[in-house]
> 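One structure follows; several queries about it will come next.
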Amino acid sequence: METLSSNAALLVIDLQKAIDDPRWSRVGPRNNPQAEANVAALLAAWRRDGRPIVHVRHDSVEPDSSYRPGGPGHAFKDEAIPFPAETVISKRVNSAFIGTGLDDWLRARGIATLVVAGVITNNSVEATVRMAGNLGYDVRLVADACFTFARKDRSGRLWTADEVHDLSLANMDGEYAKVVDTAELLG
């Protein structure tokens, strides 16, 4: 296992049933089909070691969102259901730091190291990681415990989910976070 502080917090971002809605893959399939299993492995390790875990839940205010509270997609995916003593932070925008109190919660506990997993790599994960880096946190982004979907750019070119994921990771690696894999992190 990579040497992390004993209170390094695991942030699992938006791993809710909403992400399985077919609208997300309308231009192409997702990558990292093993991401949920890797998140489960991270959760098991953090729980075993008694480290802090924060589940970030997206509470969309958009009427047609698959993440809207009260809808079937709002629930956490089976691999990421919080245990009763684990912290759940609700957010309404892409970054888990905007309007949530997450920064205050972490600082009140002396947590300086974050390990981030979840969805969508180039959206909520990237927004949260960038902000965490800017706030001075030591961030590990677990590449194979995140996923995204294919996207078209402004010119209409289709980029596969792997390409979108890899470019997003490249944007963050070294400046906002250290990008790692589950096996590397857990040893």
> How about Phe147 and His165: are their ring centroids closer than 6.0 Å?
no
> Is the shortest side-chain N to carboxylate O distance from Arg47 to Asp49 below 4.0 Å?
no
> Begin with the C-alpha distance, continue with both residues' side-chain angles, and end with the deciding distance and a verdict on side-chain contact (heavy atoms from CB on, under 4.5 Å) for Thr128 and Leu11.
CA-CA 10 Å; Thr128 299; Leu11 267 64; 4.3 Å; yes
> Could you please spell out the steps behind the side-chain contact (heavy atoms from CB on, under 4.5 Å) verdict for Phe149 and Arg26?
CA-CA 9 Å; Phe149 298 89; Arg26 67 187 169 274; over 6 Å; no
> May I ask you to say whether Asp14 pairs ionically with Lys91, meaning some side-chain N is under 4.0 Å from a carboxylate O?
yes
> Considering only NZ, NE, NH1 and NH2 on the basic side and carboxylate oxygens on the acidic side, decide whether Arg151 and Glu163 come within less than 4.0 Å.
no
> Go through the side-chain N and O atoms of Tyr67 and Asp21 and say whether any donor and acceptor fall under 3.5 Å apart.
no
> For the pair Leu42 and Val142, evaluate side-chain contact (heavy atoms from CB on, under 4.5 Å) and give the outcome as yes or no after the intermediate values.
CA-CA 10 Å; Leu42 292 167; Val142 189; 4.1 Å; yes
> Say you draw a straight line from CG of Leu186 to CG of Asp181; how long is it, rounded to the nearest 0.5 Å?
10.5 Å
> Could you go step by step and tell me if Leu141 and Val180 meet the side-chain contact (heavy atoms from CB on, under 4.5 Å) rule?
CA-CA 6 Å; Leu141 175 55; Val180 297; over 6 Å; no
> Cation-pi between Arg157 and Trp159: NZ/CZ under 6.0 Å from ring centre and within 45° of the ring axis?
yes
> May I ask you to decide whether Lys77 forms a salt bridge with Asp20, counting only side-chain N to carboxylate O separations under 4.0 Å?
yes
